[in-house]
Amino acid sequence: MSEERSPREGPIGVFDSGVGGLSVMREIVKKLPHEDIIYFADTAHCPYGPRSLEEIRGLTQAILSFLLAQGCKIIVVACNTASAAALYHLRERFEVPIVGMEPAVKPAAQETETKVVGVIATQATFHGELFASLVQRFASHVTVLEGVCPGLVEQVEAGKLDDPQTEAILRHCLEPMLEKGIDALTLGCTHYPFLIPTIKKIVGPQVKIIDPSPAVARQTKRVLEREGLLNHTHRRGRYTFYTTGHPETFAALQKRLIDLPGETKGVHWSQDNSIITL
Ligand code: DGL
C-alpha cells in the first residue's frame, strides 16, 4: 500500500497582498477548524490596489505556483483586488479549485432602504470588469457610491488601526457618502474589516456594514464538499505563514489581528522559508 498523502489532507492555500486576507482566514478557521491552512502575504508588493491588472496577474500567478508546490488542494484568493484583476486568468491556467472574492454589492442593494449604498475598495477593484458587472446585475435599482481610500491599506499594514491618520482617511472617504444618504456600506477590501470599530465611529449605527468574509468561508466549505476534498481528520488545523516581507513584523501583526485557536502549539511559523523571492 502506498503511504502517499491523499489530496484531502492537503492544506487550503489563502493569499493576499498582505495581512488583509487574515480577515478571511479567521472565518475559514471558524468554519473549517480541522483544515490545515497555508497563508501567503505578498507584503513586498503591497499594496496591489494602484498596480496594473497585468502586474497583479503576474504576481498572483507566481503565488499560485508556489502554493501548489506546497500541496494546496484549493486556493482562496483572499483579496478583492487580486480577484478582480486575475481570477479568470488564474482559473484558465490552473486546474485547482479557486475561490475568489467580490465586493458584496448584492446584499447591500437588498438591505438598503434609502436606495443609496457605499462601497470602499481599491482602485484596481473598481477598474476590473467584475465590479461593473456586479452593479449591473444586482444594483441597477440603487445608487452605488464608490470610495477609494488611498493610504488605508498601508495604515493597516503598519498596524495603525485606530490612529488619527487612519480615521482622517476614512472620514475623507465616508463623510461625502453619509451626506448622500448611504445606509449600507460594503467593505470591498479584505484589509478593512480590521477597521470596523473606527468605521462604526464615523458612520454610526444607522449604516449597516457588510463584510463578505463569512460568505467566502461558506463557499470554501461548499467547494471542498463538492470536490470530495474535506479533510476527515479530528485534529485541529495547522497554520503556516509565508511572507515576501519581514517575517517577524508579519508575525507580530498577525497575532494582533487574528486570534488563532491553540496558537502556541497549533501555529507553525516557518522561519526558514518565510521569504520567497518572486
Ligand atoms: N486586501 C486587498 C483587497 O482585498 C488588497 C489591498 C491592496 O493591496 O491594495 O483588495
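Ligands are counted one by one from 1 in listed order, and the atoms in each one are counted from 1 as well.
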Original post:
Which is it for R238 and E35 under the salt bridge (charged side-chain N to carboxylate O under 4.0 Å, His left out) test, yes or no, and what are the steps along the way?
Top reply: CA-CA 7 Å; R238 287 182 296 235; E35 297 289 342; over 6 Å; no
**OP:** Decide yes or no on ring pair (Phe, Tyr, Trp, His ring centres under 6.0 Å) for F66 and F40, but give the supporting numbers first.
**Re:** CA-CA 9 Å; F66 172 77; F40 189 104; 5.5 Å; yes
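Shortest contact from atom 10 (O) of ligand 1 to any protein heavy atom: T81 OG1, 2.6 Å. At the top of the distance list for atom 9 (O) of ligand 1, counting protein heavy atoms only, stands G49 N, 2.8 Å. For atom 7 (C) of ligand 1, the nearest non-hydrogen atom of the protein is Y48 N, 3.3 Å.
The line from CD1 of I63 to NE2 of H45 is 8.5 Å long, rounded to the nearest 0.5 Å. A distance of 5.5 Å separates CD1 in I38 from OH in Y242, rounded to the nearest 0.5 Å. Interatomic distance, T60 OG1 to L87 CG, rounded to the nearest 0.5 Å: 9.5 Å.
The proximity of S17 to ligand 1, defined as any non-hydrogen pair under 4.0 Å, is limited to the side chain. Both the backbone and the side chain of T190 come within 4.0 Å of ligand 1, counting heavy atoms alone. When non-hydrogen atoms are compared, ligand 1 lies under 4.0 Å from the side chain of T122 (C-beta onward) but not from its backbone.
Of all atoms in ligand 1, numbered sequentially from 1 with element shown, those under 4.0 Å from a heavy atom of D16 are 1 (N), 2 (C), 5 (C).
Heavy atoms of other residues, nucleotides or ligands lying less than 6.0 angstrom from NE2 of H34 number more than 12.
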